[in-house]
> 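Attaching a single structure in structure tokens format; questions to follow.
Chain identifiers are assigned alphabetically (A, B, ...) following the order of the sequence lines, protein sequences preceding nucleic acid strands; residue numbering begins at 1 within each chain.
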Amino acid sequence: MKRYNPKEIEPKWQQQWEQDKLYEASEDATKPKKYILEYFPYPSGAAMHVGHVRNYTIGDALTRFARMQGYNVLHPMGWDAFGLPAENYAIKTGISPQQAIAQNTARFKKQLTQMGFGYDWSREFASSDPEYYRWTQWFFLLLYKRGLAYRKESLQWWCPVDKTVLANEQVENGVCWRCGSIVEKKALPQWFFKITDYADRLAADLDDLNWTDSIKSMQRNWIGCSKGAEVHFAVEGSGQVITVFTTRPDTLYGATFIVMAPEAPLTTQITTDDQRGAVADYIKQTQAKSDIERQETNREKTGVFTGAYAINPINGERIPIWTADYVLAGYGTGAIMAVPAHDERDWAFAKKFDLPIRRVVQNDEPDDQCAHGEGTMINSGEYDGLETSEAREKIVADLARKGIGSERINYKIRDWLISRQRYWGAPIPMIHCEKCGSVPVPEDQLPVVLPDMQSFEPSGDGRSPLARVEEFVNTACPQCAGPAMRETDTMDGFACSSWYFLRFADPHNADKPFDAEKVKHWLPVDDYIGGAEHAVMHLLYARMWTKVMQDEGLINFNEPFKTLRNQGMILAPDGQKMSKSKGNTIEPDGLIEQGYGADAIRIMELFIGPWNQSAAWSVEGMGGSFRFLQRTWALTQEVIESAGGSDEHIIVKDDELKRVIHRAVHRVSKDLEEMGFNTAIAALMEALNQLYKLKLTIPMGVHGDTWYWAMETFLQLLAPFAPHMTEELWEQLHHEDSIHLSSWPTYDEKYLVSDTLTIVVQVNGKVRAQVQVPADASKDQIIKAAGADPKAAEYLAGKEIRKTIFVPGKLVSFVVT
RNA sequence: GGGCGAGUGGCGGAAUUGGUAUACGCGGCGGACUUAAAAUCCGCUGGCUGAAUAAGCCUUGAGGGUUCGAGUCCCUCCUCGCCCACCA
């Protein structure tokens, strides 16, 4: 008997599949398509561990299942190669990023291949290939042409360690998302993408996506749509006007002061001479505070009076103007009307500085704290007696009519800052000319090739290392042909990953980013699989680019990823996050070397728990996965060796064997439709245990054909999880074509039920007995049998049956006195 | 503070959505094979009372409720995880 030896069969089939181009996809109109994609990885210095591998295992199992179901499947793989991980790795090891990428992608590819993942490698590319980033630059120019890319000097987040600016999405609690250092603000001219133009669509279109509620709500939260109004307050004794944003225009009569953000330019302008010193000091203090300090919750309110007064446009009231750091310069208009009676922050501020509080909404909330609820208007002139919701509409309409306000929707999201002062990225294809200003590089001059540099460490002065390469910088203006300088910043890596899923449909097109027909065939992505960490970065950016392309008429859909699957994290056996620095990572290479094999690892990845929940890796669990495969192997060998049996001497029926398999087909199919990988594998283990029992009562020598069919079918059900072993045994069962191209098995309803049913008998809700009844027994027969059971009868004796509940196929419940 | 989610054996987790709670796996215990070990195979394994593979009681974070029947539905509370956090 041949022993199960994954070390022997796994490499064999990996080579065979590659040779047969088994996983290469082409447009085939005769079959429904399915595009399954896992986030393309950063080929960083650290090898992939079993946590990363889970992501690809899920995608691969889905792919194989879909293919066997008759879908034409696209399952590509590539490399998110630009960006800091590769560059930092290169700096650390002293090799060039180009070399680092080549080296790391080779290792990642080997790791993916040895796991048996079926990718269409003919579509492979890296985002750092000039053939690819040429088109990333082309999209930059498209955004520029559509007014969605602009350059502006402003204060931006600056990471002092990575020595580059960061997008808002990349600053988490005041620290750099990548290296964890505290970020600073720096004034630099920077390129932005106008994602704010898409805020409304990005929020609205979430409704139709099959994504988890948590990711959707993260995005909604990040986009932060608030409906309200702008109101203009004249500053007394000056021509200045302060515009405030409020979501509660109904409380306008309750506005007893104005608060302006310290950084708002108008704040200094309206400050009176006698308050100038105090305000200047306060602004200085504010700027000295780190962002973490400013975000501290429940912080004592601080602020200073500016000396100026504003006029409330609705009632002519004269109210003081203060400045305080709880009002943010970057949101809304940088100024608010404070309504302390109905806003907690304003309440706290008014209490601290002894400012007037006037209640304008009557409801059952107490007077001695702020009341944010709805209610009836009071102290509000002509609006008294209205419900707040009515008052809101009426006041906004009146303000608009008088030209002192208007309806307004505000978004929290800011424009996406894409300039990076780092070497390893796609150069921004713009040229700065003294005469013509910023001029786009003509399309026929793309790509703007990233020059080779020996020493590409960031300079830290806010300028990109590319600024040191004179041959790169000095160029001619495309418009006037005069001397000009290239833009030296590179693009955020997230720009490169905002369209890669489209490129996979047509990865080697040299004339355009992709062929419209090919994209139309494959996109949108049907299943997108990855961790939740990209919620407000990649997943938001890619959605925006998709909408831009739709507006440009390049594609015919508005969302790139119909279904998003966020896999749970694999933790180290100690329950901690796996990381190289903690030294607790487990890599598949070692497990394969130990002899478990890729198939057992794949089973383990999926069986460890629900795919979307995190789980701690279990060293012992690997043994269980291996044993299951080993038992499958051994049973198949027995079937092969007993081949040639005939049905001549039928003594025992083989119905039970058929039932086991048909039930397994039913359960595994159903579980896989719902991504129930762990229960699908459990069902297979259960079926295998039953087969081991059945071989004692249904001899293989007698029912050889049925056994042969049973193992064949079993292997097909197992194929999405354990592709190598099933392929090997499929061949040993004399099949010439790959098991992965075979059709998913079907089941016959009649084998899902047995001849007899077990009916539970309850008395007053407690289980007292089980009775066996023929599957075709009538309701009356079953109730009679239930009542006649000795155990049940004991509990029924001398009692009056008040009610009998009958659940077909399940139970009889007697309610007695 | 707000949002989303989760609490089931020694452990990872099942439970057809209101119908035998603890499937499957790990771990543990016992046995077979072996000079022995590994590997493999076969049993048993939620808790308590019991000699018992007799019988009974208890058990899904805690407490209440609805129901013949609740892990599942409703109310109150506790704990943990993730995300957002002075956004007017």
> How many Å lie between CZ on A:Phe628 and C1' on B:rG12, as a whole number?
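Roughly 17 Å, once rounded to whole Å.
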> Distance check, P atoms only: B:rU67 and B:rU72, in whole angstrom units.
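Straight-line distance between the two P atoms is 16 Å.
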> Would you classify A:Asn689 as touching base, sugar-phosphate or nothing, given that sugar-phosphate means primed atoms plus P, OP1 and OP2, and contacts are heavy atoms under 4.0 Å?
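Sugar-phosphate, backbone atoms only, no base.
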> Quantified in whole Å, what is the C1' atom distance between nucleotide B:rA62 and nucleotide B:rC80?
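Between the two C1' atoms, the distance is 15 Å.
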> From C-beta outward on A:Lys803, which listed nucleotide comes closest to its side chain: B:rG12, B:rC68, B:rA85?
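So the side chain of A:Lys803 is nearest to B:rC68.
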> Check residues 679-687 of chain A and write down every donor-acceptor pair under 3.5 Å in which the side-chain atom is one partner and the other belongs to a residue at least two apart or another chain.
unit_1, atom_1, unit_2, atom_2, d
A:Thr679, OG1, A:Asp671, OD2, 3.0
A:Thr679, OG1, A:Gly676, O, 3.0
A:Glu686, OE1, A:Arg667, NH1, 3.3

> Which residues pass the side chain to side chain donor-acceptor pair (under 3.5 Å) test with A:His538, not counting sequence neighbours?
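In terms of side chain to side chain donor-acceptor pair (under 3.5 Å), with neighbours along the sequence ignored, A:His538 is linked to A:Tyr528.
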> Give the nucleotide from the list B:rA88, B:rG27, B:rC24 with an atom nearest to the side chain of A:Glu620.
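For the A:Glu620 side chain, the nearest candidate turns out to be B:rG27.
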> For B:rU17, measure the glycosidic angle (O4'-C1'-N9-C4 for a purine, O4'-C1'-N1-C2 for a pyrimidine) and name it syn if it falls within 90° of 0, otherwise anti.
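Base orientation: syn.
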> So that I know where these two stand, are A:Phe353 and A:Phe349 an aromatic pair - ring centroids less than 6.0 Å apart?
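Here the rings of A:Phe349 and A:Phe353 have centres that are less than 6.0 Å from each other.
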> Base, sugar-phosphate or nothing for A:Gly624? Non-hydrogen atoms, less than 4.0 Å.
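Result for A:Gly624 = sugar-phosphate.
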> Rounded to the nearest Å, what distance is computed from the CG atom of residue A:Asp213 to the P atom of nucleotide B:rC84?
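Value for this atom pair: 17 Å.
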> Using the rule given for ring-ring contact (aromatic ring centres under 6.0 Å, His included), can you reason through A:Tyr4 versus A:Phe626, listing the C-alpha separation, both sets of side-chain angles and the distance that settles it, and then say yes or no?
CA-CA 10 Å; A:Tyr4 174 46; A:Phe626 181 82; 5.5 Å; yes
> Sort out for me which residue in A:Ile801, A:Val815, A:Val816 forms a side-chain contact (heavy atoms from CB on, under 4.5 Å) with A:Val763.
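Going through the options one by one, the only one that passes is A:Val816.
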> For B:rC41, does either OP1 or OP2 sit under 4.0 Å from a side-chain N or O belonging to A:Arg631?
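A:Arg631 to B:rC41 OP1/OP2: side-chain N or O found under 4.0 Å.
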> For B:rG9 versus B:rC48, give the span between their C1' atoms, rounded off to a whole number of Å.
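Rounded to whole Å, the distance is 15 Å.
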> Kindly say if A:Tyr331 contacts the phosphate of B:rA88, meaning a side-chain N or O under 4.0 Å from OP1 or OP2.
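So the side-chain polar atoms of A:Tyr331 do come within 4.0 Å of the phosphate oxygens OP1 or OP2 of B:rA88, strictly under.
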> Please figure out whether A:Gly224 or A:Ser217 has its closest RNA chain B nucleotide nearer the 5' end.
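The 5'-side residue here is A:Ser217.
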> Between B:rG10 and B:rU45, how far apart are the two C1' atoms, rounded to whole Å?
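Straight-line distance between the two C1' atoms is 11 Å.
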> Residues two or more places apart in sequence or in another chain: which of them pass side-chain contact (heavy atoms from CB on, under 4.5 Å) with A:Asn410?
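Expected list: A:Phe245, A:Tyr331, A:Arg408.
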> If I take atom CG in residue A:Leu629 and atom P in nucleotide B:rU40, what distance separates them, rounded to the nearest angstrom?
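Rounded to whole Å, this separation is 12 Å.
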> Output the rounded distance in Å from CZ (A:Phe677) to P (B:rG13).
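Result: 17 Å.
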> Side chain of A:Pro610, heavy atoms from C-beta onward: which of B:rG25, B:rA55, B:rA14 has the nearest atom to it?
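Comparing B:rG25, B:rA55, B:rA14 against the side chain of A:Pro610, the answer is B:rA14.
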> Pick the C1' atom in B:rG46 and in B:rU60, then give their distance to the nearest Å.
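Each nucleotide's C1' atom is 11 Å from the other's.
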> Choosing from B:rG12, B:rC68, B:rA23, which nucleotide comes nearest the side chain of A:Ile608?
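Taking heavy atoms from C-beta onward, the closest nucleotide is B:rG12.
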> Under 4.0 Å between a side-chain N or O of A:Asn678 and OP1 or OP2 of B:rC24?
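Checking A:Asn678 against B:rC24: no side-chain N or O falls below 4.0 Å of OP1 or OP2.
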> Would B:rG50 be called syn or anti here, given the cut-off of 90° from 0?
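B:rG50: syn.
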> Quote, to the nearest angstrom, the C1' distance that separates B:rA85 from B:rA23.
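B:rA85 and B:rA23 have their C1' atoms separated by 43 Å.
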> Classify the nucleic acid contact of A:Arg627 as base, sugar-phosphate or nothing, counting any heavy atom under 4.0 Å across all strands shown.
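Counting heavy atoms under 4.0 Å across all strands, the contact made by A:Arg627 is with sugar-phosphate only.
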> Under 4.0 angstrom, heavy atoms only, what part of the nucleic acid is A:Phe257 near: base, sugar-phosphate, or nothing?
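Touches nothing.
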> What interatomic distance, in whole Å, is found between P of B:rC4 and the corresponding atom of B:rA55?
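One P to the other, the span is 49 Å.
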> Taking syn as within 90° of 0 and anti otherwise, name the glycosidic form of B:rG9.
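Syn conformation here, the glycosidic angle of B:rG9 being no more than 90° from 0.
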> Would you mind telling me which of B:rG12, B:rC68, B:rA88 lies closest to the side-chain atoms of A:Asp343?
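Comparing B:rG12, B:rC68, B:rA88 against the side chain of A:Asp343, the answer is B:rA88.
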> Report which part of the nucleic acid A:Arg667 touches: base, sugar-phosphate, or nothing (heavy-atom distance under 4.0 Å, all strands).
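The answer is nothing, as A:Arg667 stays clear of every strand by at least 4.0 Å.
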> Quick one: A:Asn566 CG to B:rC83 P, roughly how many Å, whole number?
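Checked: the CG to P distance equals 13 Å.
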> So what is the 5' to 3' dot-bracket string for RNA chain B, if pairs are Watson-Crick or G-U wobble with both distances under 3.5 Å, crossing pairs use [ ] and | means the partner sits on another strand?
(((((((..(((......[....)))((((((.......))))))((((.....))))..(((((..]....))))))))))))....
> Could you check which of B:rG56, B:rC24, B:rA88 has an atom nearest any side-chain atom of A:Ser226?
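From the listed options, B:rA88 comes nearest.
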> Could you name each residue pair satisfying salt bridge (Lys or Arg N to Asp or Glu O under 4.0 Å) that touches residues 610-637 of chain A, not counting sequence neighbours?
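Applying salt bridge (Lys or Arg N to Asp or Glu O under 4.0 Å) to every pair that reaches into residues 610-637 of chain A, excluding sequence neighbours, yields nothing.
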> Does the side chain of A:Tyr795 get closer than 4.0 angstrom to OP1 or OP2 of B:rG56 through an N or O atom?
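So the side-chain polar atoms of A:Tyr795 do come within 4.0 Å of the phosphate oxygens OP1 or OP2 of B:rG56, strictly under.
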> Of all the heavy-atom pairs spanning A:Lys577 and A:Asn584, show the shortest one and how long it is.
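Distance-wise, the nearest heavy atoms are O-ND2, 3.2 Å.
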> Rounded to whole Å, please give me the gap between NZ in A:Lys693 and C1' in B:rG43.
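In whole Å, B:rG43 C1' lies 10 Å from A:Lys693 NZ.
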> Do any side-chain nitrogens or oxygens of A:Lys301 fall under 4.0 Å of OP1 or OP2 in B:rA88?
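Answer is no, no contact under 4.0 Å.
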> With a 4.0 Å cut-off on heavy atoms, is A:Arg220 in touch with a base, just the backbone sugar-phosphate, or nothing at all?
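Contact class for A:Arg220: none.
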> In Å and rounded to the nearest 0.5 Å, what is the CZ to NZ distance from A:Arg768 to A:Lys791?
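Here the rounded value is 8.5 Å.
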> In whole angstrom, give me the gap between the C1' atoms of B:rC58 and B:rU22.
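To the nearest whole Å, 15 Å.
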> Across nucleotides 15-22 of chain B, 5' to 3', mark each nucleotide with B, S or - according to how protein heavy atoms within less than 4.0 Å reach it.
-B--BB--
> For residues A:Ile404 and A:Pro313, report the shortest heavy-atom separation together with the two atoms involved.
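The pair with the smallest heavy-atom distance is CD1-CB, 3.7 Å.
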> Run the salt bridge (charged side-chain N to carboxylate O under 4.0 Å, His left out) check on A:Glu374 and A:Arg392 step by step: do they pass?
CA-CA 11 Å; A:Glu374 305 288 321; A:Arg392 201 136 55 215; 3.4 Å; yes
> Given atom CD1 of A:Ile681 and atom P of B:rC26, what is their separation to the nearest angstrom?
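Atom CD1 in A:Ile681 sits about 13 Å away from atom P in B:rC26.
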> Output the rounded distance in Å from CD1 (A:Ile801) to C1' (B:rG69).
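Rounded to the whole Å, the gap is 16 Å.
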> Side chain of A:Gln630, heavy atoms from C-beta onward: which of B:rU40, B:rG56, B:rC42 has the nearest atom to it?
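Nearest listed nucleotide: B:rU40.
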